[in-house]
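Here's the structure, in structure tokens; my notes come after.
Basis for what follows: all heavy atoms, side chains included, without hydrogens, waters or symmetry-related copies. Because the structure is a prediction, the values reported are computed rather than measured.
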2 protein chains.
Amino acid sequence: MSDAVSRFLHSWTRLRPDLDLSTVAAMGRVLRLAALMNNITEDGLAGAEVTRPEFEVLAALRRSPDGLRPRQLTRETIASGASTTKRLTRLESAGLITRTPLERDRREVQVRLTDRGRTLADTLFAAQLDREATVLAPLSTDEQAQLADLLARVLAPIDRA
Amino acid sequence: MSDAVSRFLHSWTRLRPDLDLSTVAAMGRVLRLAALMNNITEDGLAGAEVTRPEFEVLAALRRSPDGLRPRQLTRETIASGASTTKRLTRLESAGLITRTPLERDRREVQVRLTDRGRTLADTLFAAQLDREATVLAPLSTDEQAQLADLLARVLAPIDRA
DNA sequence: AAAAAGTAATTCACAAGTAAATTATATTAG
DNA sequence: CTAATATAATTTACTTGTGAATTACTTTTT
């Protein structure tokens, strides 16, 4: 395999034969694939009404029919609270979401997609699935499932709700 | 599996049974694991002399004994040129790297680790390997190799030098 | 050899992200 | 019940990242 990580590994093995580099082969590639996929997504969203992080907020809301609170969005998108507030302010003034204070606890806010927000989320999500399918094309359906399973086992302990 | 992505998938399947969500199981987890691993790395580097992106520059330089040019660092770290310049300026004034104009083409610059930079890179890299090993612990050595192999095949077409 | 085109690094102007402080509300302890 | 503590969202002050313009060359064309 001649990706950047295999060159990386080769250099390190020669320089530091004392180190156990076995994790780099897997984790280095996870990090690199994610960075490249994020670039591909951003290119695909060029000219769209929202950026990639904003799209991630829309996608999280799309699959929660009753909406979510900012705190949950922060966790789902792995961002800071401050950045969630900024994205919500931007999405609200673009007419893609609404924010309504909760009755039972007025510190909290319920965030919901507007109709326009839902339509946009659906359009962009379909395009995102296409981009992901293109990138994953080198693997068979079985292999993709195998990959998903291995990753799920790594994630389970560190990605608890 | 009860990670965030499996809940994500479950919701989407109910909402949009028309979509082919098979890619999300794998790619969604790649993106999520990378984001969580980056957080873990940043926590681990708290109090260190460099940030995670700066560490990535040091690591790329560490495995290139003759140094690299900014352009190559930009590609290796998947960043913008402007951001590479900023990081190099910062690392240079911290005494961790040197920048020397090349003889054969004076537009270019050779970036090299100082002794202190190399020592720091080695220390931080060893700690990074430990963190990665901890995260990957749910998988056997064989499974980690299998994961690496699947990812390498996805990366090969999109990660050419 | 001069002009035009191309390229590497940097600078500039601005956008996006975050930790820490603040505001508003709810919960717990005395 | 009041004071102290805790929590959610936001604001503030600042850091980091980036596209586009600039600078300093090098290469190609005529």
Kindly say if B:R106 contacts the phosphate of C:dA9, meaning a side-chain N or O under 4.0 Å from OP1 or OP2. no
Does C:dA9 have its OP1 or OP2 closer than 4.0 Å to a side-chain nitrogen or oxygen of B:R99? no
Euclidean distance, atom CZ of residue A:R87 to atom P of D:dT10 [Å, nearest integer]: 14 Å
To the nearest angstrom, the CZ-C1' distance between B:R52 and C:dG17 comes to 13 Å
Where each residue is assigned the nucleotide of DNA chain D containing its nearest heavy atom, which of A:K86 and A:E108 is assigned the position nearer the 5′ end? A:E108
Which listed nucleotide (D:dT18, D:dA9, C:dA9) is nearest to the side chain of A:T85? D:dA9
Give the rounded distance in Å between these two atoms: CG of B:L102 and C1' of C:dT7. 14 Å
Should the pair A:R87-A:E54 be classified as a salt bridge under the 4.0 Å nitrogen-to-oxygen rule? no
Tell me the interatomic distance from A:L88, atom CG, to D:dT11, atom P, rounded to whole angstroms. 11 Å
Contact nearer the 5' end of DNA chain C, comparing A:R107 with A:E54: A:E54
How do B:D105 and A:P53 order along DNA chain C: which one's closest nucleotide is nearer the 5' end? B:D105
Separation of A:E42 atom CD from D:dT18 atom C1', in whole Å? 11 Å
May I ask you to verify if any side-chain N or O of B:S83 is less than 4.0 angstrom from the OP1 or OP2 atom of D:dT16? no
Tell me the interatomic distance from B:Q110, atom CD, to C:dA8, atom C1', rounded to whole angstroms. 13 Å
Would A:L33 end up clustered with B:L150 when hydrophobic side chains under 4.5 Å apart are linked, directly or stepwise? yes
Just to be sure I understand the rule, does B:R90 reach a base, reach only the sugar-phosphate, or reach nothing, if contact means heavy atoms closer than 4.0 Å? nothing
Verdict with supporting geometry, A:R32 and B:L151, side-chain contact (heavy atoms from CB on, under 4.5 Å): CA-CA 10 Å; A:R32 200 158 175 91; B:L151 292 169; over 6 Å; no
Tell me the interatomic distance from B:L45, atom CG, to D:dT15, atom P, rounded to whole angstroms. 19 Å
Hydrophobic cluster membership, A:L129 vs A:L120, 4.5 Å side-chain cutoff: yes
Figure out the CZ/P separation between A:R71 and C:dA26, and round it to whole Å. 17 Å
Can we say A:D122 and B:R16 salt-bridge, meaning some charged N sits less than 4.0 Å from an Asp/Glu carboxylate O? yes
